[in-house]
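Everything on this sheet refers to the single structure shown next.
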Amino acid sequence: RKPSPTRRRAATEPAVSPDRRVTKKFIDETSSTFGVDVLSSLIRILGQAKANPHDAYHSARCLGVLFKGCGNSHRCRARKDLDAKRIVSAALEVGSRTHAKLADASRVAM
């Protein structure tokens, strides 16, 4: 039995748009709680797009949601300190050749 369009959309899209305060708090506190910086982890996975395009797709989707909700401070840090602009561009190139969903998610993450 095929899932309804609403159910399919619910499985792939956030239910509500992220609140900026919640997103910033999530990014800031993951490092202290888990000992891992979520942005650098997601960008590292995205950087492996050629070897693992499916994982990179999920990483790009997460980055797109986080960047949309966190404002410019974390986005600037990712671009400057984590070389996100180059990595997202490389993932977009891989996606345009081999994985359409990765390409779309990479455009959103830019």
Side-chain angles (χ1 to χ4, degrees):
R1 188 173 139 173
K2 208 172 186 182
S4 71
T6 305
R7 185 168 174 96
R8 260 185 271 136
R9 188 179 65 235
T12 60
E13 295 177 7
V16 295
S17 61
D19 180 359
R20 286 189 190 275
R21 293 177 311 232
V22 173
T23 305
K24 280 184 171 183
K25 186 176 179 182
F26 172 77
I27 292 171
D28 292 336
E29 290 183 357
T30 54
S31 180
S32 62
T33 304
F34 298 106
V36 176
D37 176 31
V38 70
L39 290 179
S40 63
S41 295
L42 290 170
I43 290 169
R44 180 181 48 79
I45 293 166
L46 188 61
Q48 300 168 356
K50 197 171 191 175
N52 298 307
H54 187 72
D55 292 349
Y57 158 69
H58 288 290
S59 178
R61 285 210 32 165
C62 291
L63 285 167
V65 170
L66 290 174
F67 285 154
K68 182 179 179 182
C70 73
N72 288 331
S73 62
H74 290 292
R75 187 183 302 220
C76 289
R77 182 179 74 85
R79 283 185 180 159
K80 183 178 178 183
D81 299 341
L82 303 174
D83 201 19
K85 188 174 183 178
R86 181 189 60 78
I87 291 170
V88 171
S89 295
L92 178 59
E93 183 181 324
V94 170
S96 66
R97 286 184 282 131
T98 63
H99 198 289
K101 287 183 178 183
L102 173 59
D104 293 341
S106 297
R107 279 188 204 93
V108 171
M110 287 185 121

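Every heavy atom of this structure was used, including side-chain atoms; hydrogens, water molecules and symmetry mates were not. Everything quoted here is computed from the prediction, not taken from an experiment.
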Task: Nearest-0.5 Å distance that lies between atom OG in S89 and atom CG in L46 - done: 10.0 Å

- [ ] Report yes if some heavy atom in the side chain of Q48 is under 4.5 Å from a heavy atom in the side chain of D55; otherwise report no.
- [x] no

Open item on the list: Tell me whether I45 shares a hydrophobic cluster with V38, the cluster being built from Ile, Leu, Val, Met, Phe, Trp, Tyr side chains joined at under 4.5 Å.
Closed with: no

Open item on the list: Is there a path of hydrophobic side-chain contacts, each under 4.5 Å between heavy atoms, that joins V94 and Y57?
Closed with: yes

Open item on the list: Please give me the minimum heavy-atom distance between S96 and A103, naming the atom from each residue.
Closed with: N-CB, 3.7 Å

Open item on the list: Nearest 0.5 angstrom please: L82 CG to R44 CZ, how far?
Closed with: 11.5 Å

Open item on the list: My understanding is that only residues two or more places apart in sequence, or in another chain, count here; which of them pass side-chain hydrogen bond (donor to acceptor under 3.5 Å, both in side chains) with S40?
Closed with: D37

- [ ] Look up atom NZ in K85 and atom NZ in K80, then write down how far apart they are to the nearest 0.5 Å.
- [x] 14.5 Å

Task: Salt bridge K101-D104, side-chain N to carboxylate O under 4.0 Å - done: no

TODO: With rounding to the nearest 0.5 Å, note down the distance linking NZ in K50 to CD in E93.
DONE: 8.5 Å

Open item on the list: Membership question, hydrophobic clusters at under 4.5 Å side-chain separation (ILVMFWY): are L102 and F67 in the same one?
Closed with: yes

Open item on the list: Grouping I, L, V, M, F, W and Y whenever their side-chain heavy atoms are under 4.5 Å apart, do V88 and I43 come out in a common cluster?
Closed with: yes

Task: Nearest heavy-atom neighbours spanning H99 and H54 - done: NE2-CA, 4.1 Å

Task: Side-chain heavy atoms of L39 within contact of L63, under 4.5 Å - done: yes

